[in-house]
Every structure is written in C-alpha cells, then in structure tokens.
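Hydrogens, waters and symmetry mates play no part in the numbers below; they use all other heavy atoms, side chains included. Throughout, a chain's letter reflects where its sequence line sits, starting with A, and its residues are numbered from 1.
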Number of protein chains: 2
Amino acid sequence: MKTVTVYDIAREANVSVATVSRVLNNTAPVKKETRERISALIEKYQFQPNALARSLIRKETGMIGFILPDITNPFFPEVLAGFDREARKMGYTYFLCDTFSTNEETLNQYERESQYISLLMEKQVDGIVMLGGRIDLSRPDPQMIREVEEAARRVPFLLLNGSLPQVGLNRVATDQKLGAVLATQHLLELGHRDIAAVGGYSAMSNTQQRLQGFRSAMRENGLQPRKEWMLQDGFSVEAGVEFTSRLLAMNPRPTAIFCLNDLVAIGALKAASRAGVRVPEELSIIGYDDIQFAANSIPELTTVSLKAAEIGRLAAETLHRMIGKKKVPKLLSVLPELVVRQSTAAVRKGG
Amino acid sequence: MKTVTVYDIAREANVSVATVSRVLNNTAPVKKETRERISALIEKYQFQPNALARSLIRKETGMIGFILPDITNPFFPEVLAGFDREARKMGYTYFLCDTFSTNEETLNQYERESQYISLLMEKQVDGIVMLGGRIDLSRPDPQMIREVEEAARRVPFLLLNGSLPQVGLNRVATDQKLGAVLATQHLLELGHRDIAAVGGYSAMSNTQQRLQGFRSAMRENGLQPRKEWMLQDGFSVEAGVEFTSRLLAMNPRPTAIFCLNDLVAIGALKAASRAGVRVPEELSIIGYDDIQFAANSIPELTTVSLKAAEIGRLAAETLHRMIGKKKVPKLLSVLPELVVRQSTAAVRKGG
DNA sequence: CTGAAAGCGCTAACAG
DNA sequence: CTGTTAGCGCTTTCAG
C-alpha cells in the first residue's frame, strides 16, 4: 500500500506540488477549475497530508503534553475533561503522560516526569501542562526544579494546582487554603468544636495549605486544634478508614472530621459505618475536591469543590494564549466552593 | 533561542552529521574519543533530536491514538491505566481522544470519532485503539463501519470490548454474556427467583449480550424474566435511581436487581436507601464492571469484573505486535469474574 | 494564478 | 570508523 503524497496528486492533476499545497491549506487563490480537479483527486485517493512533514517546516504541531500523576484517581479525569473540551475546540491534540509508578518499576514518579518532559520536547509539543508530582512537593529537589525551568524556557509550560519554589512559572490554581477555611467554617457554624483533620501528606504543599486553612479558621474561633486528631500521610480510601478508626477509638473523640480529600472522606464514611457510628447524626464528615463520587455516596458527601473542570478549561485557554505569545497573568486563581450535602449536620447537644 | 540541530553539534565536534546521528542512535560503532566529544556537546547544549524529522524518515512515530467515549466515566480510566502501564514500557506515547459530546457542540460523538480517526492518521500514529461509541452499537451506520475499515487498512487498528458487524477487525474483549450469566447465577444460588435487570441501552450490543446472558441463565433455571422488571436505556447513577425507584413501587417487587453496570447499581443503592429498603437484607443488588468505587460504596457492591485493566494491558501488547507485523489472533477474549462483596445475600424466606 | 527550488532536521545507504 | 549525499513529505519564498 504505497502512501500517496502531494507529488502523486500534483502529477495526476498536472500541477505543481505548490498548488496542491495551496488548496490543502487555502493559503493562496487557486483557479476554481484547478482547485476542483485537485480536490477530486484528494477525495479519490483519500489523501491525507503528513502532519509530521508539515509540522517540521511550520514549527508548530498542534500537540500538547499533559502530565498527571494517576488517571485512576478520580480527581484527575475531571480536570482532564475540562482541559480536553477546551483544547479540542482550539484544534489541539494531547499526549496523556501518566506518571504513576508501581514499586516494581525502575523509574519512580519523579523520574518518569523527567522522562516525559524530555520526550514531549523531542516530540515538539507546542506546550506542556503539568499536574501533581514534584509540583506538589513543598521542598522538591533542586534538580527537579531546574529541569522544569529549563523546559519552560523552551516551550510554554503551565503548572496546575501546584508550584515550584523560587521559580516564576505560569500557573493556574485553586486557593487551597481558602477551601480549607470554607470547610472548617462550615463545621464550626454547625456548632462543632471538636474537629479532627485527617489525610494528606505532610511533605506536600497542598496538604500544608489545607492544614493552614484549617488551623487559621479554628484559631479565629478561639479553638486550638488537637495534635492527636491530626492524622496525616495518606490520600486513599484505605488511609481514610485507618485514620477514622483510630479517631473513633479515642476518648474524647471528635464530633466532626475534616478530610483532606474525598477519597479519605469515603474511607471515613466506611469506618464510621463499620463502627456503627451514624453520619451525620453522630459524626459529621466533610471532604475536599468534590470528585464525582462525592455526590453518590450514602450519605452524600459534603465537600469543597476545587473546580477541577474549570481548572482544566482555564489551563487549555491559558496555554493556548501562551503558545500564541499573548500576555497571561503569572497566576490564575480559581475560587473553591463549599458544597453542602448530607454528611454534615449540627452537633448534638450533650453528645 | 535558536534551536540546536545535528549540524550544530557536528560542526563543533568536527565530524559529519552522520556520525552525530550514529552516537544518537547507537546505530554503528564510533571511535570512543569521537563519541565522547559528541556526547559532551549534546550535554552542553541539552540537544534533543527532533522527533518529527526522525519519524518522517523512519516511518514510525512511537505514537498511538486511544479513542474512548468519556474519561470521566470511571470504567475508562481503568482500562486506560492498564494500557498506559504496558504501552510506556514499550516506549509508546499516546494521544488521548475523548469523544464525549455535549449538546452544545456541533459534532456528536460519532462525528468526533471520525474526526479523530482522520486526525490520528495525519499525525502518523503507529496504531489506533478504539473503545466505545460506534463499536458498541448493534447496528452502526454503514458509513461508520466503512471509515474504520478504511483506517484499519492503513494502520493497525484494535477494537476494545466492541465490534463492527461484518468486519474482521482485531479485537480484545471480555465475554459480556458470560459476565451476565455469572451475575445471574450468583443471585439464583442465593435463592432469588424474582430478579430484575436494569440499565444499559437497547441499541448497544454490550447491553444485548448482557441481557442475553441474564435471560439464558434464568431460563436454564426454569425462570421467565418479567418484562416489567426489565428497565433499559440508561447507564448513569441517575438512571439507576430512577429504575430502582420504579421497581420498588411495583407489586410484586423483585428481591434482587441485576444492574447492567456499577453506576446504575450505585443509583440502585441510593434509591433503596431513600426508600428505606435495606441492602442486602431486603434487596440484593449486583453490578457490572467492577469500577473502583464498587469496593467503596456502603454496602460494598457485589459485581462482575470486566477486567478493565487487563483489557487495557492486552490492548497495548496486542497493538504492539500488530505494529511489529507479528501474528495476533483476531479476537483475544478475556474472562469476566464474579466479585462477591456485601450487596447480595440469600433471599429472605416468606419475604 | 502557478511553478521551481530551497529547505525543515534527521537517517541511511554507499563509499571510502 | 567516518563522510557524502539523497531524500522523508510538505510549505514557502521568489519569479513569472
């Protein structure tokens, strides 16, 4: 199956390749008759111009790299979808680069990020957006920073919900601290005083920011968070189960739990159910992220929406502007939003 | 920022571009000293060969197109992850092509599929894997079939959990009918006789196959499915809520519900909870797919695993073989598996 | 309105 | 072990 090229079309149409190129790209006027002859041949052979050759000369590929930590974590498909809907409108196609790493693999997550950044540049993507991994670390390795800096010098590079210290990279992000304040205030308004905060990783900046928000909201209400109710280092359902089980075994125990993400909150729901503790009657649980499933648990999860889809959409829009060398703000901030559902309720008197 | 090329390296190293290419690709022996000189320059300039140029001549890009219907549907990230882990091992990068379409968009899902297929071929992908959309239709438009046939003639093309009538395309798929048989038998073994089957779309072949499995398992036990308990045309949580609410209002009502996917089952759980019907004591619910969340609902969902990740993994493996022009079976069949958790129980006597 | 010709950046014979 | 030389398939001046 010989692949047909502009030359084949040109020859059969008795024109030069330049003319074929012109009708292909509508880049210069072509006599109607000639144009139709060429179009007919294109149709006849189902001719599709080779995008590689085209990109090689045009120096733009219409391809973007999207780096994220784990597509099976329900938060990420949501931002990806937001990004997708917007990016495709503008004619971009994107490489999905999942940096998830199992223990059996030779490369860890950060090494894979490095690998992908480099790979994407070789593929000549028009831009890169990155999410998670090293940009969530509060103190990433200098080498990790340098790599991204380097890359950003060569190609538009956008960080989503994360940042790299000391580096003025473009980013779009939700205000993580504010989200935590919202969650905590909600609990406070329901009369809770004994509030635990579980989940997250102490080495991650998102966790630190959320915890900051929690503490500051507590303090503003004259409350001092209890150390033994602050259980960190886990973002999974299993971790949520574990943290909550521990909490429920304590004396005194909290009347409300602020979970640093929805997965942990789902684990909390599970642990409460196992322990025979009713939610929200005996225990209020609030999550963070507002993943799709938060609306489907029983009871439905009260949570803070990080506006995942909006972050994604903005990312596509912003990256597009960067690619077009238009001016964009260094930081585009998105406001989180409290979503009240069923897992929180007023504290019981004399509980 | 002038981009550095093999020529720049060659000039500064006092060698020809061919030699640079040789050390780049390790494609022929190069004197140690020369090699080191070149490597040093590559390092110095952070030189990265342009993959477009390379692919243009090599006629292979290491790029794959992955077409799926909706990344926010939790089933798909799971097959994608399986695919991802395997594909990256083999050095592939892939374009994610989500064909989800809102009503506001000009193109519908099938048109978007067409667009992507064409786009991917222009980008010169080494292969395409497709999931959902037209290949799930029991009677797709002839034009839709022809397009895929055409594409498959030009590039390795693999269908996942679906097929196109009258066309011998390569596929890897789970046995959908068997999965339904497994689910139904499980319910039957628990003593259920009054079983409803809800969810799915009657125009989709996966639905037809699942329903076939259900009916055949029922009939083998001398049972006749009740028409009024077969509620179709919906694969969402909301649909599950709706179907189940209707079922619970009937008299007589079923003692068990076979949900054609987990999302519908989650809706069923919700509807039961709202109606004050306890699961599994008063009502058994079984799902289908085994998405991640099935293990996290309360009660945890009994379901049939479609082996999503395994499908994805096999897809990568198979497509790779096809790209390498190795022999592959037309159909690679994966066996579904019953996953018993908490949402099913023996039928109550005299219920 | 159209053609000739010069590349884009790289690889791959083919010589040496 | 290394250099020369054609291209890969397309776009884009520059003439006409």
Side-chain angles (χ1 to χ4, degrees), chain A residues 1-39 41-42 45-63 118-119 121-126 154-155, chain B residues 1-39 41-42 45-63 118-119 121-126 154-155:
Chain A
M1 178 95 153
K2 202 201 152 301
T3 134
V4 8
T5 74
V6 276
Y7 282 95
D8 302 318
I9 304 289
R11 191 179 329 108
E12 190 158 341
N14 268 312
V15 295
S16 74
V17 291
T19 305
V20 176
S21 174
R22 285 181 188 113
V23 349
L24 236 31
N25 302 291
N26 203 3
T27 188
V30 173
K31 205 204 298 173
K32 185 157 179 252
E33 188 192 320
T34 332
R35 169 191 308 283
E36 278 165 1
R37 194 153 24 102
I38 294 174
S39 296
L41 287 168
I42 288 175
Y45 290 110
Q46 302 259 39
F47 169 66
Q48 294 182 294
N50 182 323
L52 296 178
R54 171 177 294 170
S55 296
L56 186 55
I57 178 161
R58 285 226 193 126
K59 276 148 182 20
E60 63 172 49
T61 55
M63 309 186 309
S118 164
L119 183 71
M121 295 181 53
E122 286 185 15
K123 301 268 191 213
Q124 312 295 124
V125 295
D126 291 341
R154 298 173 178 228
V155 57
Chain B
M1 178 95 152
K2 203 202 154 296
T3 134
V4 9
T5 74
V6 276
Y7 282 96
D8 303 317
I9 304 290
R11 190 178 333 108
E12 191 158 340
N14 269 312
V15 295
S16 74
V17 290
T19 304
V20 176
S21 176
R22 283 181 190 114
V23 349
L24 237 29
N25 302 290
N26 204 0
T27 187
V30 173
K31 204 204 299 173
K32 187 159 177 251
E33 189 192 322
T34 334
R35 170 191 308 283
E36 279 166 1
R37 194 153 24 104
I38 295 174
S39 296
L41 288 167
I42 289 176
Y45 290 109
Q46 300 261 39
F47 169 67
Q48 294 181 293
N50 183 323
L52 297 177
R54 170 179 292 168
S55 297
L56 187 55
I57 178 161
R58 284 228 193 125
K59 275 148 179 25
E60 62 173 50
T61 55
M63 308 185 311
S118 165
L119 183 71
M121 295 181 53
E122 285 184 15
K123 300 266 190 213
Q124 311 297 123
V125 295
D126 290 341
R154 297 172 179 229
V155 58

Item checked: Integer-rounded Å distance: C:dC10 P and A:Lys123 NZ -> 14 Å

Identify every side-chain donor-acceptor pair in residues 26-38 of chain A under 3.5 Å, counting partners at least two apart or on other chains, and give the distances.
| unit_1 | atom_1 | unit_2 | atom_2 | d |
| --- | --- | --- | --- | --- |
| A:Thr34 | OG1 | A:Lys31 | O | 3.4 |
| A:Arg37 | NH1 | A:Ala13 | O | 2.1 |

Margin query: Less than 4.0 angstrom between a side-chain N/O of B:Thr34 and OP1 or OP2 of D:dT2, yes or no?
Written below: yes

Next item on the list: Round to the nearest Å and state the distance from A:Asp8 atom CG to D:dG9 atom P.
Entry: 9 Å

Checklist line | Rounded distance in Å - CG (B:Asn26) to C1' (C:dA12) | finding: 16 Å

Next item on the list: Would you indicate, yes or no, if C:dT2 has its OP1 or OP2 atom less than 4.0 angstrom from a side-chain nitrogen or oxygen of A:Thr19?
Entry: no

Checklist line | Closest nucleotide among D:dT11, D:dC1, C:dC10 to the A:Asn25 side chain | finding: D:dT11

Item checked: Within-4.5 Å side-chain heavy-atom neighbours: A:Thr3 and B:Lys59 -> no

Margin query: Any base atoms under 4.0 Å from B:Asn14, or only sugar-phosphate, or nothing? Heavy atoms, all strands.
Written below: sugar-phosphate

Notebook entry, point to check: Once you round it to whole Å, what is the distance between P of C:dA12 and CD of B:Glu60?
Noted result: 9 Å

Checklist line | Criterion side chain to side chain contact (heavy atoms under 4.5 Å, CB included) against A:Val20, the qualifying member of A:Thr5, A:Asp8, A:Val6 | finding: A:Val6

Item checked: side-chain N/O B:Lys32 vs D:dC1 OP1/OP2, d < 4.0 Å -> no

Checklist line | Distance in angstrom units between A:Gln124 CD and D:dC10 P, rounded | finding: 19 Å

Next item on the list: Determine the contact category for B:Val15: base if any of its heavy atoms lies under 4.0 Å from a base atom, sugar-phosphate if only primed atoms, P, OP1 or OP2 are that close, otherwise nothing.
Entry: sugar-phosphate

Item checked: Nucleotide D:dC1, atom C1' - distance to CD of B:Glu36 in whole Å -> 15 Å

Note to self: Could you check whether any side-chain heavy atom of A:Leu41 comes within less than 4.5 Å of a side-chain heavy atom of A:Phe47, counting everything from C-beta outward?
What the structure shows: no

Next item on the list: Please state whether the phosphate of D:dT11, meaning OP1 or OP2, lies under 4.0 angstrom from any side-chain nitrogen or oxygen of A:Ser21.
Entry: yes

Note to self: I need the CZ-P distance between A:Arg11 and D:dC10, as an integer number of Å.
What the structure shows: 12 Å

Next item on the list: Please check the phosphate of C:dG9 (OP1 and OP2 only) for any side-chain N or O of A:Lys59 closer than 4.0 Å.
Entry: yes

Check: Closest approach of B:Ala51 and A:Gln124, non-hydrogen atoms and distance?
Finding: N-OE1, 4.3 Å

Item checked: Flag, side chain of A:Gln48 to backbone of B:Ser118, donor-acceptor distance under 3.5 Å -> yes

Check: Roughly how many Å is it from CD1 in A:Ile38 to C1' in D:dC10, rounded to a whole number?
Finding: 15 Å

Checklist line | From D:dT5, C:dT2, D:dG3, nucleotide with atom closest to A:Arg22 side chain | finding: C:dT2

Notebook entry, point to check: Is the backbone N or O of A:Ser55 less than 3.5 Å from a side-chain atom of A:Thr61, with the two atoms forming a donor-acceptor pair by type?
Noted result: no

Check: Would you call A:Val4 and A:Glu12 a side-chain contact if the rule is heavy atoms closer than 4.5 Å?
Finding: no

Notebook entry, point to check: Which of residues 45-57 of chain A sit near DNA chain D, with a heavy atom under 4.0 Å from it?
Noted result: A:Phe47, A:Pro49, A:Asn50, A:Ala53, A:Arg54, A:Ile57

Next item on the list: Check every atom of C:dA4, D:dT2, D:dG3 against the side chain of B:Ala18 and return the nucleotide holding the closest atom.
Entry: D:dG3

Notebook entry, point to check: Where the side chain of A:Thr3 is defined as all heavy atoms beyond and including C-beta, which of D:dC10, C:dG3, D:dG9 is the nearest nucleotide?
Noted result: D:dG9

